[in-house]
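Just follow the structure's listing: the first ligand is 1, and inside any ligand the first atom is 1. Bear in mind the structure is a predicted one, so any value in this text is a computation, not a measurement.
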Amino acid sequence: MNLTAAQAIAQGLSRDGGLLTPASFPKLTGEMLKDLCRKDYAGRAAAVMGLYLEEFSETELTDYAAKAYGAGKFEHPDVAPVVPLDAKTDVLELWHGPTCAFKDMALQMLPHLLTASLRKNKEERTACILVATSGDTGKGALEGFKDVDGTRILVFYPQNGVSAMQRLQMTTQEGGNVGVCAVQGNFDDAQSGVKALFSDPALREELNGKGCFFSSANSINWGRVLPQIAYYISAYCDLVNRGRIAMGETINVCVPTGNFGNILAAYYAKNMGLPLGKLVCASNRNNVLTDFITTGIYDRNRPFHATISPSMDILISSNLERLLYALTGQDDAQVKDYMEQLAGVGHYAVAADLLEKLQVHFDAGFCSDEAAKIAIGAVYREKDYLMDPHTAVAYHVLEDYRRRTGDETVTLLVSTASPFKFCDSVLEALGVTQQAEGLAILDQLTQVSGRPTPRPLAGLAGKAVRFTQVVPKEKMRAAVLEMLP
Ligand SMILES: *Cc1c(COP(=O)(O)O)cnc(C)c1O
């Protein structure tokens with residue numbers, strides 16, 4: 001079924017549980033790219049989104065971008081700065097927003113898109129936003145939606161699947177329309193629980209009776225993926241403006257990947273015409289995507305590992321469904337069949353020609369916790385750059401890719417979190433065994449590294465814990481009903 005963009009963003013997920021995706025992709029001409037290079041980040045984001053959102057005026061989008069990415073929200077004037085690392089690598093830092101992880105790039109924008117979509121759809125009910133988080137989405141969504149009129153937001157996180165800093169960020173969340181609840185289980189349990197709630201007709205009816213409807217702030221919502229396309233285009237412009245590459249020159253990207261949302265945005269940017277070469281998909285020990293991209297077999301029947309890069313501890317990468325849709329030439333039935341196999345027996349294998357197409361664009365690798373820590377230490381000592389464990393996974397995989405293929409193309413290393421979100425692992429990687437307790441560890445990392453603690457994390461000290469509820473997966477439904485108005 002075809003929806004308008006505003007309907008797709010308001011609704012989040014299609015009624016049959018499938019993911020919503022644009023029917024066609026706008027083209028980015030050389031002229032447009034040159035134009036974008038002259039704008040600031042907010043201007044670029046507004047222009048790129050405007051290519052997709054026909055029902056939104058330029059004035060509207062410019063206003064939202066100014067609010068989402070303006071001073072006071074992001075600590076860095078460039079919003080998503082591109083920092084040179086070495087002769088062939090530049091780091092795209094996506095973590096200067098209010099929660100210090102890349103989710104802010106989209107989740108500071110989504111509330112504006114969503115509330116505008118509600119207005120355009122003449123929707124009078126309250127949007128009840130359900131989120132499953134592996135750590136960073138939850139906080140990002142809570143910050144984005146706190147006290148936004150016409151919305152309530154409820155975040156489910158895996159009880160033992162997030163870092164201490166991530167938990168504290170969520171349980172101390174302020175705002176009158178927010179709820180946070182731990183689920184006994186891992187991220188996949190939380191995510192499949194939320195998906196089940198979405199497609200529960202009786203629950204939908206009950207919500208409707210209370211003047212509410214479900215929406216999503218997870219990357220299954222198209223409104224999450226769209227703002228992410230902008231930073232790849234923006235980073236390319238920055239490289240051109242700095243004289244690092246010539247306009248039109250191809251670059252590679254290497255992306256620490258979990259739910260496949262971030263790297264999917266890179267694929268979409270490439271599809272639009274941005275000169276991107278290989279999209280290198282980096283996983284931690286939960287390397288289901290590495291196997292898929294190298295063999296064409298997706299198999300989630302494997303042990304789940306809790307790693308030092310928890311935001312990538314995922315075995316069911318939702319957004320892969322969108323990639324399959326694109327690569328099969330929008331073959332709905334085929335994609336549905338793969339997804340049904342995944343939901344049923346837990347694995348599927350794509351046809352050989354599909355795998356070939358996939359490998360034209362993507363390469364993949366994975367990285368152990370040990371290797372990630374070694375990378376953090378080595379890059380700090382040798383290049384004076386401090387990486388978080390997720391970025392370190394990508395760094396290791398990129399080195400590996402270069403060794404394996406000899407491909408020396410200039411590469412954007414996508415950095416998804418501030419190292420201060422994962423102080424314990426980062427300090428350990430730097431050889432510090434005696435670690436400070438609680439939030440004092442932030443000061444310790446500042447002392448050891450000479451880098452300032454990001455303001456939003458420093459500000460956690462002294463905040464009261466508001467949310468302590470823990471439920472088994474079967475009780476998620478009841479938890480939702482409890483938090484409705
Ligand atoms: C969410 C997240 C990822 C994974 O991104 P996907 O879009 O889910 O692939 C990687 N690193 C960090 C720090 C994250 O928060």
Side-chain angles (χ1 to χ4, degrees), residues 19 80 91-107 110 131-144 155 157-158 161-163 165-166 169-170 187-188 190-191 216-222 224-229 231-232 253-269 279-284 286-290 292-293 307-323 362 364 366-367 372 376 387-395 397 413-422 425-426 454 457:
L19 268 51
V91 187
L92 171 56
E93 293 183 346
L94 298 176
W95 42 262
H96 292 281
T99 77
C100 304
F102 99 95
K103 306 298 195 289
D104 290 328
M105 299 304 302
L107 283 168
L110 183 63
V131 178
T133 183
S134 58
D136 293 326
T137 300
K139 180 60 181 179
L142 289 163
E143 269 306 302
V155 170
Y157 70 90
V162 300
S163 79
M165 197 72 70
Q166 288 174 325
Q169 278 187 307
M170 289 189 280
F187 171 69
D188 290 318
Q191 174 158 266
S216 168
N218 276 104
S219 53
I220 52 178
N221 190 323
W222 170 245
R224 264 288 297 283
V225 181
L226 176 56
Q228 296 179 0
I229 298 175
Y231 53 69
Y232 286 102
V253 301
C254 181
V255 187
T257 297
N259 231 347
F260 211 76
N262 195 350
I263 197 167
L264 180 75
Y267 171 77
Y268 286 153
L279 314 175
V280 182
C281 173
S283 301
N284 63 27
N286 297 293
N287 58 353
V288 65
L289 287 168
T290 315
F292 177 64
I293 291 169
T307 74
I308 61 167
S309 44
S311 303
M312 296 153 65
D313 289 347
I314 292 176
L315 292 178
I316 306 169
S317 286
S318 298
N319 274 295
L320 199 58
E321 181 180 333
R322 288 197 169 103
L323 179 68
F362 292 89
F366 71 99
C367 172
I376 292 171
M387 302 187 292
D388 96 290
H390 302 77
T391 310
V393 163
Y395 181 86
V397 168
L413 177 71
V414 177
S415 177
T416 48
S418 160
F420 282 85
K421 267 194 114 156
F422 305 94
S425 308
V426 172
L457 297 179

Asks: How close does the nearest protein non-hydrogen atom get to atom 1 (C) of ligand 1, and which residue and atom is it?
Replies: Lys103 NZ, 1.4 Å
Asks: Classify the side-chain pair Gln169/Thr99 by whether it contains a donor and acceptor separated by less than 3.5 Å.
Replies: no
Asks: For atom 9 (O) of ligand 1, what is the nearest protein heavy atom, given as residue, atom name and distance?
Replies: Gly258 N, 2.7 Å
Asks: What residues, two or more places apart in sequence or in another chain, satisfy side-chain contact (heavy atoms from CB on, under 4.5 Å) together with Thr307?
Replies: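 Asn284, Arg285, Asn286, His305, Ser309, Asp313, Asp369.
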Asks: Could you identify the single nearest non-hydrogen protein atom to atom 11 (N) of ligand 1 and state the distance to 0.1 Å?
Replies: Thr416 OG1, 2.8 Å
Asks: Please tabulate, one pair per line, all N/O donor-acceptor pairs under 3.5 Å involving side-chain atoms of residues 262-269, not counting sequence neighbours.
Replies:
{"from": "Asn262", "atom 1": "OD1", "to": "Tyr231", "atom 2": "OH", "distance (Å)": "2.7"}
{"from": "Asn262", "atom 1": "OD1", "to": "Tyr232", "atom 2": "OH", "distance (Å)": "2.7"}

Asks: Consider only side-chain N and O atoms of Gln191 and Asn259, and report whether a donor and an acceptor are under 3.5 Å apart.
Replies: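 There is such a pair (donor and acceptor under 3.5 Å, judged by atom type) between the side chains of Gln191 and Asn259.
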Asks: For the residue pair Gln166 and Ser311, confirm or rule out a side-chain donor-acceptor distance under 3.5 Å.
Replies: yes
Asks: How far is atom 7 (O) of ligand 1 from its nearest protein heavy atom, and which residue and atom name does that atom have?
Replies: Asn262 N, 2.9 Å
Asks: Can you tell me which residue and heavy atom of the protein come closest to atom 8 (O) of ligand 1, and the distance to 0.1 Å?
Replies: Asn259 N, 2.7 Å
Asks: Measure Lys421 to ligand 1 on non-hydrogen atoms and call it side chain, backbone, both or neither using the 4.0 Å cut-off.
Replies: neither
Asks: Check each heavy atom of Phe102 against ligand 1 and say whether those closer than 4.0 Å belong to the side chain, the backbone, both or neither.
Replies: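 The part of Phe102 near ligand 1 is the side chain, not the backbone.
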